[in-house]
Q: 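Before I ask anything, here is the structure I am working with.
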Protein chains: 2
Amino acid sequence: MNSRTTENYLKAVYRHSRANSSGNVSLGIIAGDLGVTPGTVTQMMKHLSGRDLVVYESRRGAALTDSGERAALDIIRRHRLIELFLVEVMGLDWADVHDEAEELEHVVSDRLIARMDEMLGHPARDPHGAPIPSASGVLKSGQTRRLAECETGTYRLIQVTKETSGFLEWLSEYKFFPGSIFDLHHIDSMGGTLSLGLSGQNKKIVMSIEAAGSLLVEEAG
Amino acid sequence: MNSRTTENYLKAVYRHSRANSSGNVSLGIIAGDLGVTPGTVTQMMKHLSGRDLVVYESRRGAALTDSGERAALDIIRRHRLIELFLVEVMGLDWADVHDEAEELEHVVSDRLIARMDEMLGHPARDPHGAPIPSASGVLKSGQTRRLAECETGTYRLIQVTKETSGFLEWLSEYKFFPGSIFDLHHIDSMGGTLSLGLSGQNKKIVMSIEAAGSLLVEEAG
DNA sequence: ATCAAAGTTTAGGTTTTGATAACTATAAGT
DNA sequence: ACTTATAGTTATCAAAACCTAAACTTTGAT
Ligand SMILES: [Mn+2]
Ligand SMILES: [Mn+2]
Ligand SMILES: [Mn+2]
Ligand SMILES: [Mn+2]
């Protein structure tokens with residue numbers, strides 16, 4: 001019904017509307033994200049607009065309609081359930097499932113997704129800590145903060161938003177996973193790094209503030 | 001690398017070369033199988049020929065090359081492992097997995113297929129009794145006969161070659177599965193039916209000889 | 001020899017996705 | 001206000017991957 005490509009566009013619009021308060025995404029951002037030229041995005045937005053999946057006003061950007069958001073959340077649900085299934089049922093590494101899910105999300109039937117959900121006990125989060133939208137399209141995200149914007153203190157890692165296998169493997173080496181509790185010891189804003197220690201371990205982790213931008217945490221005091 | 005469509009053509013050529021002794025498939029048969037016009041098949045065979053997947057001589061039909069056969073067996077392996085995975089690991093009904101596998105076979109990565117194979121203990125047969133080609137592309141099919149061509153006697157059901165869910169559900173009602181042993185009591189070739197009884201049950205099964213054409217059996221004396 | 005069936009060819013069409021490059025609107029700076 | 005830079009739009013072209021229609025050719029059978 002929706003092609004692979006249009007589904008990926010819908011996800012891209014969704015991704016970037018979270019960032020922008022208005023929910024309106026500028027097309028250049030999508031072009032950059034998907035690696036296509038701006039003209040291509042304009043065309044696609046017109047197309048999606050014709051199918052009532054986005055509202056698009058010339059030069060004002062695009063926003064998902066209700067049915068567009070439903071479609072986007074459905075694909076995101078698929079993606080996240082598939083990732084968790086690959087990790088929990090099939091025993092793959094969390095660093096290794098994103099690309100696979102990126103393909104399968106467009107092909108696996110609703111019935112199979114429902115069965116995965118059932119086997120996994122209607123899970124709330126994927127292996128990277130991202131919340132899984134419900135079958136009815138409700139996504140509940142608690143209030144988290146980017147580690148890059150935190151002061152020193154004690155936190156719990158909730159979600160890793162950058163899913164490149166290199167970064168995930170690096171986190172694994174420190175056994176730093178969603179759920180881990182840690183102390184943010186020191187922030188060197190000039191040097192652009194921060195250092196932290198996992199509770200129950202004495203090795204120190206030093207990472208760039210840029211990298212810390214893809215870690216979502218909540219206070220654990 | 002190979003598109004969904006070309007992969008399905010390769011499977012179709014493979015399917016019908018088994019039937020023909022020469023291994024040469026007439027293009028009309030493929031057109032009928034895939035529901036396209038003859039000209040479309042001619043074009044596709046030229047295309048596959050250019051990619052060294054089939055040998056094709058005008059009006060003489062097509063046959064898979066070695067690499068074409070390898071490709072076909074790889075997809076068949078995927079298909080059958082996926083079906084078995086869906087039944088054994090995910091608990092779906094055997095009548096319900098073919099269509100799903102028909103899609104997934106083109107998308108699931110090699111790594112995931114290898115993992116399924118491992119989880120299933122390197123199985124020899126799919127849920128319908130069809131042999132699963134090895135990763136190196138070897139398919140060992142024992143010598144079976146079509147029930148439609150058997151005399152009365154005792155047999156074991158090995159494989160069901162028609163995978164429509166209606167037919168599979170009908171077999172399920174009688175608990176008639178690959179592995180089942182039964183007596184072929186009576187053949188009414190004029191009426192076009194045969195009747196048999198499963199060992200350990202006294203209900204009689206009557207089916208058309210046409211339907212019995214899709215049951216492969218071996219003697220169980 | 002004739003004919004029907006099977007297969008081929010040609011020409012054309014659709015869908016989906018994308019690029020290029022000239023053009024235009026908007027916002028920002030001076 | 002005027003210029004300029006930036007972002008976005010438009011129109012045109014393209015290519016891949018399928019497919020059909022219909023006229024034509026070959027082949028095998030009667
Ligand atoms: Mn992912
Ligand atoms: Mn995707
Ligand atoms: Mn099947
Ligand atoms: Mn298929």
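In what follows, chains carry the letters A, B, and so on, assigned in the order in which the sequence lines appear, proteins first and then strands, with residues in each chain numbered from 1. What you see is a predicted model, and the numbers here were worked out from it, not measured in a lab.
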Q: Side-chain donor-acceptor pair under 3.5 Å between B:His98 and B:Glu83, yes or no?
A: yes
Q: With no hydrogens and no angle check, just 3.5 Å: does a side-chain donor-acceptor pair link B:Asn8 and B:His106?
A: yes
Q: For the side chain of A:Val36, starting at C-beta, report the closest nucleotide among D:dT20, D:dT9, C:dG18.
A: C:dG18
Q: When the distance from CE of A:Met44 to C1' of C:dT15 is rounded to whole Å, what number comes out?
A: 12 Å
Q: Are the charged groups of A:Lys162 and A:Glu210 less than 4.0 angstrom apart, N to O?
A: no
Q: Map A:Thr6 and A:Ser58 onto DNA chain C by nearest heavy atom, then report which one ends up closer to the 5' terminus.
A: A:Thr6
Q: Within the structure, does a side-chain N or O atom of B:Lys46 lie under 4.0 Å from either OP1 or OP2 of C:dT8?
A: no
Q: To the nearest angstrom, how far is A:His47 atom NE2 from C:dT16 atom C1'?
A: 9 Å
Q: Any N or O donor-acceptor pair under 3.5 Å from the base of D:dA17 to the side chain of B:Gln43?
A: no
Q: Rounded to whole Å, please give me the gap between CE in A:Met45 and C1' in C:dT17.
A: 14 Å
Q: By the 4.0 Å heavy-atom rule, please label A:Gly28 as base, sugar-phosphate, or nothing.
A: sugar-phosphate
Q: Mapping A:Ser3 and B:Arg59 to their closest nucleotides on DNA chain C, which lands nearer the 5' end?
A: B:Arg59
Q: Using a cut-off of 4.0 Å on non-hydrogen atoms, how would the nucleic acid contact of A:Thr40 be classed: base, sugar-phosphate, or nothing?
A: base
Q: How close or far is atom P of C:dT16 from atom NE2 of A:His106, stated in whole angstroms?
A: 16 Å
Q: Does C:dT16 have OP1 or OP2 sitting under 4.0 Å from an N or O in the side chain of A:Tyr9?
A: no
Q: Take atom CZ of A:Arg146 as the centre, draw a 6.0 Å sphere, and report whether it contains more than 12 heavy atoms from other residues, nucleotides or ligands.
A: no
Q: Between B:Thr37 and D:dT20, does any side-chain N or O lie under 4.0 Å from OP1 or OP2?
A: yes
Q: Hey, is the side chain of B:Tyr56 poking within less than 4.0 Å of OP1 or OP2 on C:dT8, counting only N and O atoms?
A: yes
Q: Whole angstroms only, please: what is the CG-C1' distance between A:Leu48 and C:dT17?
A: 13 Å
Q: Taking only N and O in the side chain of A:Thr42, is any of them less than 4.0 Å away from OP1 or OP2 of D:dG8?
A: no
Q: Does A:Val108 offer a backbone N or O that forms a donor-acceptor pair with the side chain of A:Arg78 under 3.5 Å?
A: yes
Q: Could you state the atom-to-atom distance from CG of B:Asn8 to C1' of D:dC18 in whole Å?
A: 13 Å
